[in-house]
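See below for the structure under consideration.
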Amino acid sequence: MVEIELDGKKVEVVEGSMVMHAAEKAGTYIPHFCYHKKLSIAANCRMCLVDVEKAPKPMPACATPVTQGMIVRTKSDKAIKAQKSVMEFLLINHPLDCPICDQGGECQLQDLAVGYGASSSRYEEEKRVVFHKDVGPLISMEEMSRCIHCTRCVRFGQEVAGVMELGMSHRGEHSEIETFVGHSVDSELSGNMIDICPVGALTSKPFRYQARTWELSRRKSVSPHDSTGANLIVQVKNNKVMRVVPLENEAVNECWIADRDRFSYEALDSQDRLTQPMIKHGGEWKTVDWQTALEYVAKSFKHIQAEHGASSIGALVSPHSTVEELYLAGALVRGLGSDNIDYRLRHAEFAKSEGVHWLGTSIESLTQLQRVLVVGTNLRKDHPLFAQRIRQAVRHGAAVNAITSKALFKNADAWALRVANAVVTEASAWGQALADVAAAIAAEKGVTAPAAGQATAQAQAIAKSLLGGERKAVLLGNAAAHHAQASSLLALANWIAAQTGATVGYLTEAANTVGAQWVKAQPQAGGLHAGQMLAGGLKAVILLNTEPEFDSAAGKQAAEGLSKVDTVVTLSPFKTNLAFSDVLLPIAPFTETSGSFANAEGRLQSFHAVVKPLGDTRPAWKVLRVLGNLLGLPGFEFESSQEVLTAATATPPALNNATQAAITLAASTTEPVVASIYQLDGLVRRAPSLQLTADARAVREEGVAA
């Protein structure tokens with residue numbers, strides 16, 4: 001530790017720290033633009049100049065290492081004069097367009113100009129003009145004349161997103177931030193560049209000119225998409241969601257969110273929104289009131305129960321639904337005497353789970369890993385925020401190994417991080433690839449391998465990597481979870497982890513995959529699984545927040561299977577499943593209801609509605625509760641979502657990735673189903689800007705080609 005004197009106060013910091021770090025610890029604010037706690041130090045804005053005793057000139061606080069006994073003054077005449085001089089230079093070319101700038105009201109330059117800027121400029125020359133750039137559907141670079149060349153966006157791309165999509169060209173006053181010739185900004189984390197830009201150079205294209213920051217109410221929420229459980233601030237005006245930005249939570253999403261977390265709000269005002277209950281009558285859809293719709297459903301279910309038995313009724317539920325919704329869906333089905341409920345729509349194997357499959361470690365610990373084996377995922381696209389944490393680990397020397405397919409790992413840059421060893425093979429051969437790694441580890445340690453395998457050169461390289469280091473993890477991705485031999489993959493992963501001292505975990509697909517397992521939203525006593533229900537094995541089915549044609553392994557065949565069902569009740573925020581549904585009930589998306597999600601590490605995070613439900617939309621937990629009452633089921637007397645949560649979480653989750661399944665390496669012809677980054681759920685599928693991105697276009701082009 002090193003002790004320095006900062007504005008007359010003694011401050012102790014770690015050796016190698018900068019003056020800026022000491023100031024942060026002491027609670028002293030030093031004006032700055034280019035410095036950001038999550039990015040490397042550039043020292044190009046010079047706004048943080050401070051007075052260091054015995055130094056001949058002011059020194060940048062962000063790039064000046066502390067030394068024992070150093071005396072620093074941040075508010076001396078020398079420091080203030082230097083900071084004001086820098087501000088004068090920054091404003092020479094800055095356009096005077098604060099009244100029309102989307103950054104107005106939350107602009108660092110605007111704020112600091114009040115304290116460090118002069119009332120007039122000594123410069124009378126014409127201001128420079130930088131032409132706008134079109135870099136895609138998410139980020140607006142219309143007013144690049146505002147750029148102060150802090151290079152935060154450049155460093156973010158290199159260091160966090162892993163892709164250098166922006167750079168600075170030319171020199172001096174001709175310098176410009178731009179993409180490589182003809183390229184757009186396509187990173188799945190690109191929206192964070194908007195947040196870290198200290199001026200109005202990079203702004204949100206979908207939000208552009210929609211509202212002023214002081215007109216917006218700010219409300220906390222949780223992302224309903226992938227399993228990170230990113231914390232959000234949803235900004236609202238006139239009961240309408242206008243913008244979504246990150247809420248800092250170091251243990252979960254740090255200060256970042258993925259683009260689908262940021263821009264999926266556009267779907268909330270989609271023309272597809274379902275705002276009133278509807279019943280299909282004579283092949284035509286008729287709008288009805290809630291009482292009529294729910295009584296119709298209850299009457300149909302009672303009739304089918306009496307005619308065909310309770311086992312002919314079931315529910316297919318989405319893991320993007322809340323804990324409360326999934327719990328009540330299960331209680332409803334089981335209250336009728338059935339065990340037919342399942343969230344595993346994309347799975348090809350339906351082995352009985354022995355516990356709640358989870359990440360196997362904390363999200364925060366991913367940054368400290370030294371050795372990683374990732375199986376069956378496009379890490380960057382499936383889990384953008386997990387990928388950036390592992391990217392940080394790689395920058396500190398971690399070795400990442402992969403067993404995946406060509407579709408998920410097209411080239412060495414596919415994950416935007418350095419992969420030490422990769423076995424790229426068909427999904428049907430992943431089990432054999434893991435067995436080969438196990439064989440190499442067994443040979444190295446002199447133990448018996450769990451399955452027949454060959455210690456190939458690639459397998460030996462992965463084995464050697466995993467046997468080194470201290471903090472290690474074997475991570476199974478979405479495609480591994482959906483695999484036809486998922487239990488065999490898990491068994492092999494467990495053996496490898498046990499021999500190498502690693503943890504084993506699933507990255508988990510959706511916002512509430514862990515929560516779905518926790519509340520037992522899958523058969524417990526021999527009920528039909530998702531595959532059987534999708535094939536038309538029921539007489540009545542509830543579809544909770546899911547579109548089986550897009551959300552299941554059955555794909556288009558799901559429509560054919562469900563068309564055989566007598567009564568299909570869809571609970572959705574959107575007009576969907578029209579071809580095979582008999583009743584549509586409008587339920588609230590995450591912004592219009594309260595609820596909870598359990599993320600990949602098992603962290604339960606609750607949230608409240610941020611806007612009123614649209615039209616006659618109702619929270620799904622309320623719809624299910626009333627339906628339970630109409631069916632005369634006990635245990636449906638809840639008055640709030642908090643009461644439902646208390647009942648749902650009465651038993652702690654048995655977080656357990658163990659398996660007793662036999663290892664089967666026979667080749668499977670069933671390829672695992674993996675939703676692309678902007679097809680994961682109904683919200684992202686209906687967000688116009690996300691569907692204009694390069695990732696979404698690529699999926700559509702592949703579909704056309706196929």
Side-chain angles (χ1 to χ4, degrees), residues 4-9 18-24 26-37 39-67 70-98 101 103-104 106-130 143-155 168 170-177 196-202:
I4 71 168
E5 183 181 306
L6 184 74
D7 292 339
K9 295 189 294 186
M18 302 298 161
V19 171
M20 184 70 81
H21 301 142
E24 287 178 342
T28 299
Y29 179 73
I30 298 175
H32 60 274
F33 293 111
C34 69
Y35 172 77
H36 189 282
K37 63 182 179 181
L39 303 177
S40 62
I41 291 167
N44 34 1
C45 78
R46 318 307 282 186
M47 190 64 211
C48 65
L49 292 175
V50 293
D51 180 8
V52 179
E53 192 169 275
K54 297 183 181 178
K57 58 183 180 180
M59 304 293 287
C62 69
T64 302
V66 295
T67 58
M70 175 186 278
I71 299 174
V72 180
R73 302 179 183 89
T74 68
K75 296 176 176 62
S76 66
D77 290 342
K78 184 177 180 181
I80 296 296
K81 184 178 179 181
Q83 292 161 1
K84 287 187 173 182
S85 296
V86 170
M87 178 59 71
E88 185 176 16
F89 277 109
L90 289 174
L91 294 177
I92 289 173
N93 283 304
H94 200 79
L96 299 176
D97 56 3
C98 294
C101 178
Q103 197 86 345
E106 52 188 12
C107 172
Q108 271 185 269
L109 184 65
Q110 194 177 57
D111 293 341
L112 292 179
V114 174
Y116 300 91
S119 58
S120 61
S121 175
R122 291 182 288 174
Y123 291 84
E124 297 179 352
E125 292 80 8
E126 289 185 3
K127 292 180 181 287
R128 76 173 191 148
V129 174
V130 180
E143 288 92 9
M144 288 306 292
S145 296
R146 298 171 183 164
C147 180
I148 60 171
H149 303 152
C150 70
T151 69
R152 280 186 179 184
C153 56
V154 177
R155 285 175 285 145
M168 185 182 289
H170 311 302
R171 295 175 65 102
E173 71 168 7
H174 301 293
S175 298
E176 292 185 31
I177 298 292
I196 62 176
C197 180
V199 295
L202 303 180

Query raised in the report: How far apart are the closest heavy atoms of A63 and I41, and which atoms are they?
Result: CB-CG2, 3.9 Å

Query - Minimum heavy-atom distance between A22 and V66, given as atom pair plus value - result: CB-CG1, 4.4 Å

**Report entry** M168 side chain reached by E176 side chain, heavy atoms, under 4.5 Å
**Finding:** no

Query raised in the report: Can you check whether V129's main-chain N or O pairs, donor with acceptor, with S145's side chain at less than 3.5 Å?
Result: no

Report task. Begin with the C-alpha distance, continue with both residues' side-chain angles, and end with the deciding distance and a verdict on side-chain contact (heavy atoms from CB on, under 4.5 Å) for C147 and V130. Result -> CA-CA 9 Å; C147 180; V130 180; over 6 Å; no

Query raised in the report: Under a 4.5 Å cut-off applied to non-hydrogen side-chain atoms, are V72 and E5 in contact?
Result: no

Query raised in the report: Taking it one step at a time, do Q108 and Q103 satisfy side-chain contact (heavy atoms from CB on, under 4.5 Å)?
Result: CA-CA 9 Å; Q108 271 185 269; Q103 197 86 345; over 6 Å; no

Query raised in the report: For K75, does the NZ atom sit with more than 12 other heavy atoms under 6.0 Å from it, leaving out its own atoms?
Result: yes

Report task. Find the distance between OG1 (T74) and CG (D7) and round it off to the nearest 0.5 Å. Result -> 3.5 Å

Query - Side-chain (E88) to main-chain (S121) donor-acceptor, under 3.5 angstrom - result: no

**Report entry** Worked verdict on L91 versus L109 for side-chain contact (heavy atoms from CB on, under 4.5 Å)
**Finding:** CA-CA 9 Å; L91 294 177; L109 184 65; 4.1 Å; yes

**Report entry** Any donor-acceptor N/O pair, H21 side chain to M18 backbone, under 3.5 Å
**Finding:** yes

Query raised in the report: Okay, side chain of R128, backbone of I92: is any donor-acceptor separation there less than 3.5 Å?
Result: no

Report summary line: Interatomic distance, CD1@I148 vs OG@S175, rounded to 0.5 Å, equals 13.0 Å

Query raised in the report: So, do R155 and C34 sit near enough that their side-chain heavy atoms are less than 4.5 Å apart?
Result: yes

Report summary line: So CE of M59 and SG of C48: to nearest 0.5 Å the spacing works out to 10.5 Å

Query raised in the report: Can you find a pair of side-chain heavy atoms, one from L202 and one from M144, that are under 4.5 Å apart?
Result: yes

Query - K81, NZ atom: more than 12 neighbouring heavy atoms under 6.0 Å - result: no

Report task. Rounded to the nearest 0.5 Å, what's the gap from CD1 on I80 to CE on M87? Could you check? Result -> 11.5 Å

Query raised in the report: Do the side chains of L39 and I196 get nearer than 4.5 Å, heavy atoms only?
Result: yes

Query raised in the report: Just checking, is any N or O donor in the side chain of N44 or T151 under 3.5 Å from an acceptor N or O on the other one?
Result: yes

Requested in this report: For the residue pair Y35 and H32, categorise the inter-ring angle as parallel (less than 30°), tilted (30 to 60°) or perpendicular (more than 60°).
Outcome: perpendicular

Report summary line: Output for pair (C150 SG, R46 CZ), nearest 0.5 Å, gives 14.5 Å

Query raised in the report: Roughly how far apart are Q83 CD and I30 CD1, rounded to 0.5 Å?
Result: 8.0 Å

Query raised in the report: Do T28 and K9 have side-chain heavy atoms sitting under 4.5 Å apart?
Result: yes

Query raised in the report: Side chains of P31 and M47: does their closest heavy-atom pair fall under 4.5 Å?
Result: yes

Query raised in the report: Checking K84 side chain against G115 main chain: does a donor-acceptor pair fall under 3.5 Å?
Result: no

Requested in this report: Measure the shortest side-chain to side-chain distance between H149 and F33 over non-hydrogen atoms and say whether it is less than 4.5 angstrom.
Outcome: no

**Report entry** Non-hydrogen atoms of V52 and M70 that approach each other most closely
**Finding:** CG1-CG, 4.1 Å

Requested in this report: Take C101 and E143, measure what side-chain contact (heavy atoms from CB on, under 4.5 Å) needs, and give me the verdict at the end.
Outcome: CA-CA 9 Å; C101 178; E143 288 92 9; over 6 Å; no

